[in-house]
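Report on the following structure.
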Amino acid sequence: KASAGSGKTFNLALRYLHIILSSDQTDYYRRILAVTFTKEAAKEMKNRIINNLTGIALPQRRTDDTQTVLNMLTQITGETEEVLSSRSQKILQLLLQRYTDFSVNTLDSFSHRIVRSFSFDLNLASSFNVELETDAMINASISELLQEVGSDPTTTDVLSNFILDKIEDDKFKRPVALLQDFSRELLADYRHRYVKQLNKYNIDDLIRIKNHYKDQTKAAKKELIHIGQSLLDIVEKNGLNPEVYGRKIVTDYGQRLLNANAAFSEKITFQRNLSTGSWIKKTGSKADKMAAEPFEPEITALFSRVPKTYSDYITSKNIFNSLYQTITLKLMSKHVDYLKSSTQTLHISDFNKTIQDVVSREPAPFIYERLGEFYNHFLIDEFQDTSEVQWSNLVPLTGEALAKQGSLFIVGDAKQSIYRWRGGEVSQFVNLPQLPNPENSPAVAQWQTTFQNTLRENDNAGLETNRRSRENII
């Protein structure tokens, strides 16, 4: 756990150097994967590792900072400066010759590698394209969808009602802008679980469900109106004084029910009157009260049907209205999928979603075999901004490494979490070594045991010194 300015990159580089200089294998750097979020951060980490290796290997190039690193490494490894210098020379020479094996990458580039490795299994062309811009893919799909308006009855009905619903909610924008905002959810990897559930249904299934809830909404509304009219008829046809009831409760609520409004059923006074079966107020004309008393049971019976009927009405209505959004999303999903298929294109967010399908069914050794590498050590930077999907994709690989005496070095700062809008889940970092397992996966539970068993007391440490400012400022 490291705050801003506490030396995250320094410690990541130091950890990397510690691992490679502790091994007799000159190419052991091939067994390490370091990942971060941006190309700039990956470049900085690479430069720092190479600069330190150069300084350790060549005393004449050694700076004060490199000497500090070397002093720390002699203490950590127990080796002399001469031994570490000799190893650094050999590692540096091989690393520069085989630079592609130097795996300090962004999460997206590592995901890209896995997708490439499984392109045949995933029915992807070996030369598939990668789309980085969300709006470019969304806009092309919206254009195709809007061309169906007027010619396709389902599309016309669904989009019309979707837009009308937004107008009623005071969320109206231009139709294209509305669809753009709404459809971006399709390409967000943290929505993958929900989009996957949506894909289990076809358009006809969703239309049938929509019509079912439409009928239920109509039936519940008709029942509320009938109850309201029956209450008004009791008062009017029997010549009762409306004021005999407290606050004209019977006629007032009856009028509201004609508009399918029964929010009053949640009020404590209504529930109390319903439980006692008494609606007549204590004050008022004795003659009016005597005339109204015979109808108390009938009024109670009518009102007793309101709470459940109103609940059914609101539930059905909300589901019915939301289904227009669901079907709109399904229509957009169909066009986005068609665009990807016809152009052999993957959006960059598809990498994590696609890999999740791979790692959920393939054992970690098989994934490593396809990659052509086995990583014993993982270093992850800015972990607080890792999404649930990204982390779940790394869990089998890191878990396999831990099970084989490897290591996992994670750096992050919960206070600097800024990518919640793209799925960054800071709770994953806070709860380590607890793994998120929303679907109660047995595989995740098994990895949980591995993570828990390999955690040592000093593994969950923090960097307490700020190196960017002075003590009187901090």
Looking only at heavy atoms, which two atoms of [X] and [Y] are closest? And how far apart?
X	Y	value
Val69	Phe10	CG2-CE1, 3.6 Å
Gln180	Ile138	CA-CG2, 4.1 Å
Ala401	Tyr375	CB-O, 3.5 Å
Leu84	Thr74	CD1-CG2, 3.7 Å
Thr309	Ala220	CG2-O, 3.6 Å
Ser265	Tyr310	OG-CD2, 4.1 Å

Could you work out, with salt bridge (charged side-chain N to carboxylate O under 4.0 Å, His left out) as the rule, every residue matching Glu81, not counting sequence neighbours?
Arg62
Closer than 4.0 angstrom, basic N to acidic O: yes or no for Asp27 and Arg30?
yes
Are the charged groups of Arg98 and Asp101 less than 4.0 angstrom apart, N to O?
yes
Using a 4.5 Å cut-off on heavy atoms from C-beta on, say whether the side chain of [Y] contacts that of [X].
X	Y	value
Glu148	Leu145	yes
Leu17	Leu73	yes
Asn376	Ile32	no
Met45	Arg48	no
Phe37	Glu382	yes
Leu397	Phe378	yes
Ile50	Phe102	yes
Lys46	Tyr99	yes

So, the side chain of [X] versus the backbone of [Y]: is there a donor-acceptor pair under 3.5 Å, distance only?
X	Y	result
Asn261	Ala263	yes
Thr26	Ile91	no
Ser160	Asp157	no
Ser341	Asp337	no
Ser85	Ile56	yes
Ser342	Leu339	yes
Thr68	Asp64	yes
Ser109	Asn105	no
Ser86	Val83	no
Thr398	Val395	yes

Count the heavy atoms belonging to other residues, nucleotides or ligands that lie under 6.0 Å from [atom1] of [X], then report whether that count exceeds 12.
X	atom1	answer
Arg61	CZ	no
Gln93	CD	no
Phe409	CZ	yes
Gln271	CD	yes

What is the distance from atom [atom1] of [X] to atom [atom2] of [Y], rounded to the nearest 0.5 Å?
X	Y	atom1	atom2	answer
Ile142	Met332	CD1	CE	4.5 Å
His335	Leu146	NE2	CG	9.0 Å
Asn47	Thr9	CG	OG1	11.5 Å
Leu12	Asp381	CG	CG	5.0 Å
Asn321	Tyr213	CG	OH	13.0 Å
Ile327	Ile207	CD1	CD1	4.0 Å

Test side chain to side chain contact (heavy atoms under 4.5 Å, CB included) on Ile380 and Val411 and set out the steps.
CA-CA 6 Å; Ile380 306 177; Val411 174; over 6 Å; no
Just by distance, no angles: are the side chains of Gln67 and Asn71 close enough, under 3.5 Å, to form a donor-acceptor pair?
yes
Relative to Tyr201, does Lys330 satisfy both conditions: NZ or CZ under 6.0 angstrom from the six-membered ring centre, and within 45 degrees of the ring's axis?
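Because its charged atom misses either the 6.0 Å distance or the 45° angle limit, Lys330 does not stack over Tyr201.
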Pair Asp204-Arg208, salt bridge (charged side-chain N to carboxylate O under 4.0 Å, His left out): steps then yes or no
CA-CA 6 Å; Asp204 291 337; Arg208 279 194 293 272; 5.4 Å; no
Test salt bridge (charged side-chain N to carboxylate O under 4.0 Å, His left out) applied to Arg87 and Asp24, step by step
CA-CA 8 Å; Arg87 288 179 183 174; Asp24 293 328; 3.1 Å; yes
For the pair Leu94 and Tyr29, evaluate side chain to side chain contact (heavy atoms under 4.5 Å, CB included) and give the outcome as yes or no after the intermediate values.
CA-CA 10 Å; Leu94 184 62; Tyr29 66 88; 3.9 Å; yes
All ring-ring contact (aromatic ring centres under 6.0 Å, His included) counterparts of Phe162, not counting sequence neighbours:
Phe182
Give the C-alpha distance, both sets of side-chain angles, the deciding distance and a yes or no for side chain to side chain contact (heavy atoms under 4.5 Å, CB included) between Thr326 and Leu206.
CA-CA 8 Å; Thr326 304; Leu206 294 171; 4.2 Å; yes
Checking Ser407 against Arg15 for the side-chain hydrogen bond (donor to acceptor under 3.5 Å, both in side chains) test, could you report, in this order, the C-alpha distance in whole Å, the side-chain angles of both residues, the deciding distance, and whether it holds?
CA-CA 11 Å; Ser407 68; Arg15 174 65 179 170; 2.9 Å; yes
Hey, do the aromatic rings of Tyr28 and His377 have their centres closer than 6.0 Å?
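Judged by ring-centre distance (under 6.0 Å), Tyr28 and His377 do meet the cut-off.
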Given Trp391 and Leu435, is the side chain to side chain contact (heavy atoms under 4.5 Å, CB included) satisfied, shown in steps?
CA-CA 9 Å; Trp391 179 222; Leu435 301 177; 3.7 Å; yes
